[in-house]
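Accompanying notes for the structure given below.
Just so it is clear: chains get the letters A, B, ... in the order the sequence lines come, proteins before strands, and each one is counted from 1. Below, each value reflects all heavy atoms present in this structure, side chains not excepted, and no hydrogens, waters or symmetry copies. The structure presented is a predicted model; accordingly, all values stated were derived computationally and were not measured.
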Amino acid sequence: MPSADPLDRREFLRRATRAGLGVALAGGLAALSFDASGPSASPPERAKTGLPDFSLPQAAGRIAVARGAVRRETLWLALQALGGIESFVGRGDRVLIKVNAAFASPPILSATTHPDLVFELARLCYAAGAASVVVTDNPINDPASCFALSGIGPAARRAGASVVLPAESLFRPVSLEGARLIRNWPVLTGPLAGITRLIGVAPVKDHHRSGASMTLKNWYGLLGGRRNLFHQDVHRLIAELALLVRPTLVVLDGTTTMMTNGPTGGSLSDLRETRTLIAGTDPVAVDACGAELLGKRPEDLPFLGAAEKAGAGTVDFRRLSPREVAA
Amino acid sequence: MSLRSARRASQIFFTVLFFWFCVVATLGERFTELSGWPVNLFLELDPLAAIATLLSTHTLYRGLLWALLTVCATILLGRVFCGFVCPFGAMHQFVGRLSLRGRPTALRLEKNRFHPAQNLKYVLLAFFLAAAALGPGGGGSLLVGLLDPLCLAQRSVNLALLPFLERLGIAVRGEPRLAREALAIAAVFLAAILLNLHRPRFFCRFLCPLGALLGLLGRFALLRIGRTPEACTGCTLCERSCEGACEPTGRIRTAECVLCLNCLADCRHGAIALSTRASAAGEIPLPDPGRRAVLAAAVAGAATVALGRVGGATGATWSPSLVRPPGALAEEEFLSRCIRCGQCMRVCPTNVIHPAGLEEGLEALWTPKLDFRAGTSGCQHTCIACGRLCPTAAIRPLRLEERLGTAEFASRGPLRIGCAFVDRGRCLPWAMDRPCIVCQENCPVSPKAIFTRPVYTEVRLAEPLIVREAAGERIGLAAGRLPPGRFATGDYYVPLPSGRRLRIRAHGEQAIELAAAIPEAELPFSGSALSIAIRLQQPYVDPERCIGCGVCEHECPVLGKRAIRVTAENESRHPRHRMIL
């Protein structure tokens, strides 16, 4: 009564080989993927250190103050007093203009960089031989709305510059050496790729937490991630930003100053005509000079002192003998 | 070109147009953006949405007048909309056709035979129309938007398909948009599509309340499908691909015929015609869902709305978390208009409008609700896009002046959609001794609705600080160590006996440097205890200024449950939700 189909030797060997291979495969896969320690608590640090330095040593410590109501004029005058746009932008340069486009607010409310300045600056860069001009910011309100409503987007395009809106893929973690706050923090580095000149353009605005929003506070707009946390230590952050971002040139627009309700403003009654435009290569000095437009002394703004102490510039801007010009 | 080819071409054209209008329904001037495209066209051609709002509001709003075109076409030609125009119908037809491709004729005949359950759609129509017409306070509720084919399709594409494609990196503008109820909305859509595997055009035959309405409207159609008196051999091939399952061989059920015209093309004997004469084999002009069933459904529809409101959702127990878009009507009127098409959500430039889930009650399912954590930045107070697009004026079209409360609206003040409240147990300066006021910074109105009051609070130290010596701007410590840099942020002060405080400019472990010199008389003694105070600006909300835009809530760094949150209190649309005098 043996079974009709007994297991012969050949069949047995074949089955045994297959079974053996199956076991080996399972065991091999398990051994290869075995993880005795489990996931580690923090992902490995992959931040790059610092950003490129865009400042020009031969132009260090220059500052000019132009008075007048027409931005195109005062910008040109201030630049002439600094040696002309040609001393900052040359043939083939790829320029990034960092504007303040934080809010979806029309130009008349002065909560954002004025489109006339964006247009004129981009135009001058091209006239000086720039190969490309890019305008960017990581605004607080909806980015597309901000660039459209502020007029910055259309003005940039009219001048032939391209506008880069922030996208997740354009941020990379960056650490600043010796910094407490900017460590492994997402920074809008995408638009900086291939850039040879960096120009910051910001309006003068009241700011309840930091005291004032000018060219240094403007670099906040290069930060991504949960940057609102930095309000808990805003002065230190601005000082660190002053070290992290070394621009070729900054332009501080005090043609109209937002005296109250900043940094959003929202009403013409928040504004005062101050008819001043400050340009320079030392953002700390430029901001210290601009503080006067808000009726503040540099000592009232702790981030200035902290930035100077960190080696980012000079608070006592008069020491740099600013050139005064008037339209 | 045969009539069937014309029908196919028309379906392809309208389906492509439908998707195109969905894609371009985003704010902007470019060709691929809103820029004047009539993106509401299909919703406006939908007579069910028009009749339901007519019943609930006794008015026909703006573009809904287009529905008259569909109504007239149906009266003259029968369900030509179903066969030639409806994009949802075209999708069903396409999938149903694929499912029966290459299957034996016997099976196809079986699948395309009339089923008595096709009467269900008339019952559903009665339910939805009664729900629309008979509300507790006059107008009812437009629950029909849940099942109306055009609302369903529009909502599914707007709130599930397009966001899903964006997530895959297709057709994305900037960052992909969030769509909160995408899974549930997509599930309904996919279920409707997959039911075609059971029977072709399942949704159209059994469920579509619009199809039911059009079937009834086509009762006296001039042109209709039917048998000619001669030539029929009884082969039944004409029923092989009959989309409406209306049985053209026998007494044709005219109300079921979707004018697919397949019978016309499939008949090899010229026995089927589209003509002004009634079918030689006789007709069943009206469906027979049963008078009792229709009556019961109507009663159920009215009762559903009434029962839904027994809980008080539109009255005393209104939901404070249900913040509606700016211009939304008072809740009862809103529900008597909103067809849940998702157009407001699609066009919102900041992606802050989302479909409400079941948390806001069945009646509010998939109606628009603001979620300030989602989106790119609260509800921009200079934007009126949603009300401009809303096809039924559930969100009233506003002028910017009205929203902002300027020009002739100055006396009324700005439109409020809610009010922000600071949660003092979660707010960093209120509860955690940390400076912040991101909310105040971002408040977009002038003067700001969020203001701050400074307070100085003694800092909690690990060990007491004992003064060694003090002179001028400097204080040296004999005991206690300061954590490096911690108090040099510009927010920390040393209080003096007079009540004055001097800001700490810098410090080491045991040395403090102040921003100004300590007056002689107030110099701390050697050996005395030293305290350090932090200056905190604590946020408050001025309800008279707050418009409920939620930018503060969006920006609050307490990310989970925000420390400042907007709820519907004080919203303009409800005088009885007023909070302040």
Reported [atom1]-to-[atom2] distance for the pair [X] and [Y], which is rounded to 0.5 angstrom:
X	Y	atom1	atom2	value
A/N228	B/I437	CG	CD1	12.0 Å
A/D142	B/C383	CG	SG	9.5 Å
A/R236	B/D491	CZ	CG	10.0 Å
B/C436	A/F230	SG	CZ	13.0 Å
A/Q232	B/D433	CD	CG	11.5 Å
B/H381	A/S105	NE2	OG	7.5 Å

Could you tell me whether A/D233 and B/R486 have a side-chain N and a carboxylate O separated by less than 4.0 Å? no
For a 4.5 angstrom cut-off between non-hydrogen side-chain atoms, does [X] reach [Y]?
X	Y	answer
A/R209	B/P435	yes
B/Q380	A/S145	yes
B/T376	A/N141	no

Flag for B/E441-A/H208: side-chain donor and acceptor within less than 3.5 Å: no
Would you indicate whether [X], at its atom [atom1], is surrounded by more than 12 heavy atoms from other residues, nucleotides or ligands within a distance under 6.0 Å?
X	atom1	result
B/F409	CZ	yes
B/R180	CZ	no
B/E544	CD	no
B/R426	CZ	yes
A/R172	CZ	no
A/I108	CD1	no
A/R180	CZ	yes
B/E513	CD	yes

Highest number of heavy-atom pairs under 4.5 Å with chain A among B/V438, B/V558, B/T382 belongs to B/V438
Max heavy-atom pairs within cutoff under 4.5 Å with chain A, candidates B/A515, B/A488, B/C443, goes to B/C443
Listing, residues 295-312 of chain A side-chain donor-acceptor contacts under 3.5 Å, not counting sequence neighbours, or none:
{"unit_1": "A/K296", "atom_1": "NZ", "unit_2": "A/G211", "atom_2": "O", "d": "2.8"}
{"unit_1": "A/R297", "atom_1": "NH2", "unit_2": "A/D300", "atom_2": "OD1", "d": "2.9"}
{"unit_1": "A/D300", "atom_1": "OD2", "unit_2": "A/R297", "atom_2": "N", "d": "2.9"}
{"unit_1": "A/E308", "atom_1": "OE2", "unit_2": "A/V315", "atom_2": "N", "d": "2.9"}

[X] versus chain B, heavy atoms under 4.5 Å apart: side chain, backbone, both or neither?
X	value
A/A104	both
A/R227	neither
A/R226	side chain

Can you tell which of A/T260, A/I140, A/D270 has the highest number of heavy-atom pairs within less than 4.5 Å of chain B? A/I140
Could you tell me which portion of B/R503 (side chain, backbone, both or neither) has an atom closer than 4.5 angstrom to a non-hydrogen atom of chain A? side chain
What part of B/E555 is in contact with chain A, defined as an atom under 4.5 angstrom from a non-hydrogen atom: side chain, backbone, both or neither? both
Identify the residue among A/T264, A/N261, A/L109, A/L268 that makes a side chain to side chain contact (heavy atoms under 4.5 Å, CB included) with B/S446. A/N261
